[in-house]
Amino acid sequence: MTTPRNHRPPTEVRERTACMCMLGQRCSVFAPGHAVHLIQARLASATPAEWSDAIVDEVDAAAGTVSLRAVDTGESAIVWSAAGAAHVTEVGTPVALHRRYQVLAVGRRWFNVAPIGGHAE
């Protein structure tokens with residue numbers, strides 16, 4: 001005797017993940033421009049020769065963008081961060097940008113950034 005199989009289809013997920021930084025809290029997403037992932041931080045730490053010193057040229061806190069100019073080459077880059085990099089920098093601030101792992105160091109704070117212009121890649 002066989003038992004009839006009642007197949008239940010998987011429940012459809014209707015909720016989207018929302019970054020907490022959009023609500024004024026700590027970032028909870030590791031996508032480019034949001035929270036720094038532990039592995040991202042370790043890789044950036046393990047490759048110190050790939051950091052570039054830069055000076056902040058322009059800051060748009062409302063848009064979350066920071067415009068940078070590399071000290072050694074003069075190349076410019078614009079990066080975006082939802083985690084607050086634009087709120088802790090001001091024009092003339094010395095920073096460091098790790099181009100491969102997209103980390104912006106402002107003093108002792110590190111921000112995951114997304115390049116939106118210039119030559120940050």
Side-chain angles (χ1 to χ4, degrees):
M1 195 151 125
T2 60
T3 312
R5 294 186 182 185
N6 294 331
H7 177 69
R8 291 185 184 177
T11 305
E12 184 178 325
V13 177
R14 295 184 187 144
E15 297 180 25
R16 293 184 187 170
T17 58
C19 181
M20 297 307 289
C21 65
M22 299 299 180
L23 303 173
Q25 298 176 3
R26 187 176 177 145
C27 236
S28 58
V29 175
F30 298 112
H34 291 273
V36 177
H37 193 278
L38 176 63
I39 295 171
Q40 180 184 20
R42 286 184 176 178
L43 290 170
S45 294
T47 53
E50 296 186 41
W51 286 94
S52 297
D53 292 330
I55 301 293
V56 175
D57 278 340
E58 189 177 331
V59 177
D60 185 347
T65 60
V66 179
S67 177
L68 311 168
R69 183 177 29 87
V71 173
D72 55 352
T73 63
E75 291 182 30
S76 63
I78 301 172
V79 295
W80 173 80
S81 171
H87 294 287
V88 298
T89 58
E90 47 190 54
V91 175
T93 303
V95 295
L97 178 65
H98 197 290
R99 294 176 185 274
R100 185 192 304 183
Y101 298 113
Q102 300 302 331
V103 177
L104 179 69
V106 181
R108 292 179 181 228
R109 290 189 66 183
W110 284 16
F111 296 93
N112 180 356
V113 293
I116 61 168
H119 300 284
E121 297 178 33

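FYI, the numbering just counts along the sequence from 1.
Shown here are the side-chain contact (heavy atoms from CB on, under 4.5 Å) partners of Val56, two or more places apart in sequence or in another chain: Val59, Val66, Leu68, Thr89, Thr93, Val95. Under the side-chain contact (heavy atoms from CB on, under 4.5 Å) criterion, Val71 pairs with Asp53, Ile55, sequence neighbours left out. Partners of Trp110 according to the ring-ring contact (aromatic ring centres under 6.0 Å, His included) rule, which considers only residues two or more places apart in sequence or in another chain, are Trp51. Partners of Thr47 by side chain to side chain donor-acceptor pair (under 3.5 Å), not counting sequence neighbours, listed by chain and number: His98. A search for ring-ring contact (aromatic ring centres under 6.0 Å, His included) contacts involving His87 returns nothing, not counting sequence neighbours.
By the criterion of side-chain heavy atoms lying less than 4.5 angstrom apart, applied directly or through intervening Ile, Leu, Val, Met, Phe, Trp or Tyr residues, Leu104 is not grouped with Val36; the two fall into different hydrophobic clusters. Under a hydrophobic-cluster definition in which Ile, Leu, Val, Met, Phe, Trp and Tyr are linked whenever side-chain heavy atoms come within less than 4.5 Å, directly or via other members, Leu97 and Phe111 are assigned to the same cluster. Cluster membership for Val106 and Val79, using ILVMFWY side-chain heavy atoms within less than 4.5 angstrom, is shared.
For Ile39, the CD1 atom is loosely surrounded, since the number of other residues' heavy atoms within 6.0 Å does not exceed 12. Applying the 6.0 Å contact sphere to CD of Glu50 captures more than 12 heavy atoms from other residues, nucleotides or ligands.
Residue pairs satisfying the salt bridge (Lys or Arg N to Asp or Glu O under 4.0 Å) criterion with at least one member in residues 34-44, sequence neighbours excluded, are absent. Applying the side chain to side chain donor-acceptor pair (under 3.5 Å) test to every pair with at least one member in residues 58-70, sequence neighbours left out, gives these pairs: Asp57-Arg69.
The nearest pair of heavy atoms linking Ala86 to Ala61 is CB-CA, 3.8 Å.
The CD atom of Gln40 sits 4.0 Å away from the CG atom of Asn112 when rounded to the nearest 0.5 Å.
Contact check for Arg99 versus Ser52: side-chain heavy atoms found under the 4.5 Å cut-off.
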